[in-house]
Structure formats: C-alpha cells, structure tokens
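Written out below as structure tokens is the structure these notes cover.
Positions are given from 1 along the sequence. What you see is a predicted model, and the numbers here were worked out from it, not measured in a lab.
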Amino acid sequence: QVQLVESGGGSVRSGGSLRLSCAASGDMDSIHYMGWFRQSAGKEREGIAAIYTHAGITYYADSVKARFTISQDNAKNTLYLQMNMLKPEDTAMYYCAARDGRSGGAPLTTYSYDHWGQGIQVAVSS
C-alpha cells in the first residue's frame, strides 16, 4: 500500500505562486508514475502534471504548461508542484496520486492511478 499526504495549499492573488508537496510512504518501489490532479466545482477531475519516477520524465496539461513544474525528491519520498503565475481558473482541489508499474494508460489519465491523497484546496482570487 501507498499513502499520500498533500500540503502547501491555500489562498493567493492572481499572478502569485504556491508550492504543493506530497509526502509518500509505503511500498514506493512499486510506483512508476506520480501525478497531480485537480477538480474544480462542477467539473471532472483532470490530470495536470505527472512524472515517470524512474527517469524524471515529466508531462503537463496544456493549461499549466510553462507555469507549473512537477518535481520529486526521491530521498524524501516527496513530490512537489511549483505553481507560478496562478490564475483564478486554477482554483480547485488538488490531489496527489501514484500509479504502479502494472497500470496502463497515458500519464495524465485519472483512471490509471491506483493511490490518491485526500486533496488540498487552492484558491486564486482576481
């Protein structure tokens, strides 16, 4: 089993920055991808950033490319999401997720992830 705990959310003005962290524990050797997802009111959960943990290859949704950066600290078993130039439309609940090597599908697809954190709120005001 893998446990994920997000931190670092909060409220910020448009144009500001936040960094989310995801502390992971458990059987991390089985994990091949980790990602960040978000869900805003009335919308489906969407994948915004993912990383292939064995090689550091990153993937981004067009909506956050060039503004958000996903990274990992393997020594600390922690995943990060640096969010810059935040916009009101970035307001959502943000989730950290992990996927093991047996799961298929594109890295940003929600259904392909096996383990989820509880989520953390990010609010961006104009």
Side-chain angles (χ1 to χ4, degrees):
Q1 265 295 6
V2 172
Q3 293 79 41
L4 304 170
V5 179
E6 301 97 338
S7 61
S11 298
V12 66
R13 297 289 292 271
S14 181
S17 299
L18 282 174
R19 188 176 80 156
L20 303 183
S21 299
C22 173
S25 60
D27 184 16
M28 294 303 296
D29 289 341
S30 66
I31 299 303
H32 286 209
Y33 288 89
M34 293 191 73
W36 288 98
F37 296 75
R38 67 185 183 187
Q39 187 169 17
S40 53
K43 295 187 178 180
E44 292 188 356
R45 191 173 299 187
E46 62 170 341
I48 57 171
I51 187 167
Y52 177 54
T53 58
H54 293 250
I57 300 170
T58 57
Y59 308 83
Y60 295 96
D62 288 343
S63 58
V64 305
K65 200 173 292 183
R67 299 189 299 124
F68 291 10
T69 303
I70 188 171
S71 62
Q72 59 182 2
D73 184 332
N74 290 332
K76 296 181 179 179
N77 273 345
T78 301
L79 183 74
Y80 300 101
L81 184 69
Q82 177 66 44
M83 304 186 293
N84 298 329
M85 296 183 287
L86 283 160
K87 306 174 182 180
E89 50 263 44
D90 294 317
T91 295
M93 186 73 79
Y94 283 70
Y95 297 88
C96 171
R99 157 179 150 177
D100 67 29
R102 296 166 297 178
S103 298
L108 294 179
T109 52
T110 306
Y111 68 82
S112 66
Y113 282 74
D114 308 289
H115 312 280
W116 292 85
Q118 80 286 354
I120 194 161
Q121 183 68 41
V122 170
V124 185
S125 59
S126 56

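Using a distance-only test at 3.5 Å, with no hydrogens or angles considered, no donor-acceptor pair links the side chain of Q72 to the main chain of N77. Put simply, the side chain of R99 gets close to the backbone of G105: a donor and an acceptor are under 3.5 Å apart. In this structure, the side chain of W36 engages the main chain of Y80 through a donor-acceptor pair within 3.5 Å. Looking at D100, its side chain never comes within 3.5 Å of a backbone N or O of S30 through a donor-acceptor pair. No donor-acceptor distance shorter than 3.5 angstrom exists from the side chain of E6 to the backbone of L20, with no hydrogens or angles considered. Side-chain N or O atoms of Y113 include one that pairs as donor or acceptor with a backbone N or O of P107 at under 3.5 Å.
Here the CD1 atom belonging to I57 is positioned 12.5 Å from the CD1 atom belonging to I70, to the nearest 0.5 angstrom. Atom CG of L108 and atom CD of E46 lie 9.5 Å apart (nearest 0.5 Å). Atom CZ of R19 is separated from atom OG of S7 by 8.5 Å, given to the nearest 0.5 angstrom. To the nearest 0.5 angstrom, L4 atom CG is 13.0 Å from Y95 atom OH. Distance check: M34 CE to T78 OG1 gives 8.5 Å after rounding to the nearest 0.5 Å. Rounded to the nearest 0.5 angstrom, L79 CG and N74 CG are separated by 10.0 Å.
The ring-ring contact (aromatic ring centres under 6.0 Å, His included) test applied to H54 returns H32, Y52, not counting sequence neighbours.
Taking every heavy atom of both residues into account, G104 and S112 meet most closely at O-CB, 3.0 Å. Listed here is the closest heavy atom pair of I31 and D27: CG1-O, 4.0 Å. Across all their heavy atoms, N84 and S17 have their closest contact at OD1-OG, 3.0 Å. Residues G47 and A61 come closest through the heavy atom pair O-CB, 3.6 Å. Across every non-hydrogen atom of K65 and D62, the tightest pair is NZ-OD1, 3.2 Å.
For CD of E44, the number of neighbouring non-hydrogen atoms (other residues, nucleotides, ligands) closer than 6.0 Å is 12 at most.
Ion pairing between a basic and an acidic side chain is recognised when a charged N comes within 4.0 Å of a carboxylate O; D90 and K87 show no such pairing.
Each of Y33 and F68 belongs to its own hydrophobic cluster when Ile, Leu, Val, Met, Phe, Trp and Tyr are linked at side-chain heavy-atom distances under 4.5 angstrom. Under a hydrophobic-cluster definition in which Ile, Leu, Val, Met, Phe, Trp and Tyr are linked whenever side-chain heavy atoms come within less than 4.5 Å, directly or via other members, F37 and I120 are assigned to different clusters. The hydrophobic clustering, which links ILVMFWY residues whose side-chain heavy atoms are closer than 4.5 Å, places M83 and V12 together.
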Which is it for V64 and R38 under the side-chain contact (heavy atoms from CB on, under 4.5 Å) test, yes or no, and what are the steps along the way?
CA-CA 11 Å; V64 305; R38 67 185 183 187; 4.0 Å; yes

Let's go through R45 and M93 carefully: what are the C-alpha distance in whole Å and the side-chain angles of both, what is the deciding distance for side-chain contact (heavy atoms from CB on, under 4.5 Å) to 0.1 Å, and is it a yes or a no?
CA-CA 9 Å; R45 191 173 299 187; M93 186 73 79; over 6 Å; no

